[in-house]
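Reviewing the structure listed below.
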Amino acid sequence: NLLINKIKTLPTQTQKALHFASLLNNTFELDFLSKIMNQDLITLELNLWHAITKKLIVEIPNNNKTSTYKFLHDKIQSACLEQNEFKNAESNATIGRCLLKEFEKDKNNEKLALVIHHLNEGITYLSNKEILQLIELNENYGSYLLKYRADSSAEKYYSKSIEIYQTYSINKPTKLE
């Protein structure tokens with residue numbers, strides 16, 4: 001409660017940035033957070049400065065072109081997730097869409113699990129077309145795991161694909177257009 005109250009004293013845009021960041025991981029890159037929030041880097045850095053002064057996050061030195069930040073404690077990250085002003089499912093859908101755009105550029109299957117995770121969590125905010133694409137992504141990633149990793153977690157992705165298909169009763173075409 002003390003942490004949540006501390007977070008609530010921050011400007012709304014800072015709270016929102018921390019919320020999105022908390023859904024990403026305990027560390028996050030400014031560049032990617034900027035894309036998700038559709039905010040320029042300078043404005044976002046200024047918003048995060050409020051969180052730095054309250055000792056909620058810290059900038060991590062790195063050699064990348066973009067700044068990397070870290071929550072100072074996992075309880076801070078959890079408190080940012082628990083903010084009722086922001087909807088986790090809607091935020092996950094936004095993050096998933098942004099990650100999907102990046103995945104479509106480089107087709108790195110290692111990143112696909114993260115894309116699917118956020119889209120699965122935000123499914124109630126996806127269009128029917130996006131849901132069909134999510135079904136296919138779950139199936140494809142399950143196939144990838146079976147083929148290249150002989151991983152038992154493939155079942156999880158196949159099962160999720162079936163669950164989504166049954167829950168949303170969408171007429172699945174043979175091939176997405």
Side-chain angles (χ1 to χ4, degrees), residues 1-127 130-131 133-134 137-138 141 144-145 153 156-157 160:
N1 259 344
L2 185 62
L3 277 174
I4 291 173
N5 290 337
K6 189 175 190 178
I7 293 165
K8 287 185 185 276
T9 66
L10 297 168
T12 305
Q13 284 302 309
T14 302
Q15 291 179 46
K16 187 175 182 179
L18 290 175
H19 171 73
F20 274 104
S22 67
L23 288 167
L24 292 172
N25 205 343
N26 66 336
T27 60
F28 55 95
E29 290 187 2
L30 182 70
D31 206 23
F32 188 67
L33 188 60
S34 169
K35 288 177 187 174
I36 292 168
M37 296 186 67
N38 198 24
Q39 241 179 32
D40 64 272
L41 292 171
I42 294 170
T43 303
L44 185 54
E45 274 189 306
L46 289 172
N47 284 326
L48 291 177
W49 180 250
H50 297 286
I52 291 171
T53 60
K54 296 277 187 181
K55 300 196 183 323
L56 299 171
I57 61 172
V58 64
E59 187 173 356
I60 301 170
N62 64 32
N63 296 332
N64 297 340
K65 293 178 184 176
T66 184
S67 300
T68 302
Y69 294 87
K70 178 180 177 154
F71 286 97
L72 284 173
H73 196 279
D74 61 336
K75 291 188 181 195
I76 296 170
Q77 182 183 2
S78 295
C80 291
L81 277 172
E82 293 173 16
Q83 295 182 80
N84 293 331
E85 294 83 33
F86 308 108
K87 297 178 179 130
N88 285 352
E90 185 175 14
S91 300
N92 273 305
T94 301
I95 292 168
R97 286 181 186 112
C98 194
L99 286 168
L100 184 58
K101 284 180 189 172
E102 289 197 0
F103 168 75
E104 288 171 344
K105 289 178 192 171
D106 65 14
K107 298 290 185 192
N108 181 346
N109 277 320
E110 297 301 318
K111 294 179 183 176
L112 188 54
L114 192 58
V115 173
I116 293 169
H117 165 75
H118 285 289
L119 291 175
N120 282 339
E121 292 295 316
I123 194 166
T124 55
Y125 289 91
L126 300 180
S127 68
E130 290 171 318
I131 291 171
Q133 187 176 17
L134 179 58
L137 288 170
N138 274 291
Y141 194 62
Y144 165 79
L145 290 174
S153 62
K156 169 181 142 182
Y157 293 95
K160 189 65 178 178

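Each residue takes its place number in the sequence, starting with 1.
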- Does the side chain of H19 come within less than 4.5 Å of N88's, by heavy atoms? yes

- Between the CG atom in L3 and the CG atom in L56, the distance rounded to the nearest 0.5 Å is 7.0 Å

- Query: If you look at every heavy atom in L44 and S34, which pair is closest and at what distance?
  - Reply: CD2-N, 3.4 Å

- Task: Give every residue pair that meets the ring-ring contact (aromatic ring centres under 6.0 Å, His included) criterion with at least one member in residues 58-77, sequence neighbours excluded.
- Result: F28-Y69, F28-F71

- Task: Please list, chain by chain and in numerical order, all residues satisfying side-chain contact (heavy atoms from CB on, under 4.5 Å) with K70, sequence neighbours excluded.
- Result: N26, T27, V58, I60

- K16: partners by side-chain hydrogen bond (donor to acceptor under 3.5 Å, both in side chains), with sequence neighbours left out: none

- Say you draw a straight line from NE2 of H50 to CD of Q15; how long is it, rounded to the nearest 0.5 Å? 11.0 Å

- Query: Tell me the salt bridge (charged side-chain N to carboxylate O under 4.0 Å, His left out) pairs involving residues 45-59, sequence neighbours left out?
  - Reply: none

- Task: Any chance you could measure F32, atom CZ, to L24, atom CG, to the nearest 0.5 Å?
- Result: 6.0 Å

- Task: Could you check E130 against R97 for side-chain contact (heavy atoms from CB on, under 4.5 Å), going step by step and ending with a plain yes or no?
- Result: CA-CA 9 Å; E130 290 171 318; R97 286 181 186 112; 2.6 Å; yes

- Query: Nearest heavy-atom pair of T14 and N47: which atoms, and what distance?
  - Reply: OG1-O, 2.7 Å

- Atom CZ of F20 and atom CG of N92: how far apart are they, to the nearest 0.5 Å? 9.0 Å

- Start with the C-alpha gap between L100 and Q133, add the side-chain angles, then the distance that decides, and say whether side-chain contact (heavy atoms from CB on, under 4.5 Å) holds. CA-CA 10 Å; L100 184 58; Q133 187 176 17; 3.6 Å; yes

- Those residues that, when tested against N38, pass side-chain hydrogen bond (donor to acceptor under 3.5 Å, both in side chains) (two or more places apart): none

- Message: Could you tell me if the side chain of T94 sits less than 4.5 Å from the side chain of M37, heavy atoms only?
- Response: no

- Item | 4.5 Å side-chain heavy-atom contact, L119 and L99 | no

- Query: side-chain contact (heavy atoms from CB on, under 4.5 Å) with K107: which residues, sequence neighbours excluded?
  - Reply: F103, E104

- Could you pull out all residues at least two apart from E102 that satisfy salt bridge (Lys or Arg N to Asp or Glu O under 4.0 Å)? K35

- Item | T68: side-chain hydrogen bond (donor to acceptor under 3.5 Å, both in side chains) partners, not counting sequence neighbours | N62

- Message: Taking side-chain contact (heavy atoms from CB on, under 4.5 Å) as the definition, give me every residue that meets it alongside D31, ordered by chain and number, with sequence neighbours left out.
- Response: L41, T66

- Query: For L46, what residues pass the side-chain contact (heavy atoms from CB on, under 4.5 Å) criterion, not counting sequence neighbours?
  - Reply: I42

- E121: salt bridge (Lys or Arg N to Asp or Glu O under 4.0 Å) partners, not counting sequence neighbours: none

- Message: Just to verify, what does S22 make a side-chain hydrogen bond (donor to acceptor under 3.5 Å, both in side chains) with, not counting sequence neighbours?
- Response: none

- Query: Which atom names give the shortest non-hydrogen contact between Y125 and A93, and what distance separates them?
  - Reply: CB-CB, 3.8 Å

- In this structure, CD1 of I95 is separated from NE2 of H118 (nearest 0.5 Å) by 5.0 Å

- Note on the structure: For Y157 and I116 the tightest heavy-atom approach is CE2-CG2, 3.9 Å

- Note on the structure: So CG of L145 and OG of S153: to nearest 0.5 Å the spacing works out to 4.5 Å

- side chain to side chain contact (heavy atoms under 4.5 Å, CB included) with L18: of L33, L23, L10, only one passes, and it is L10

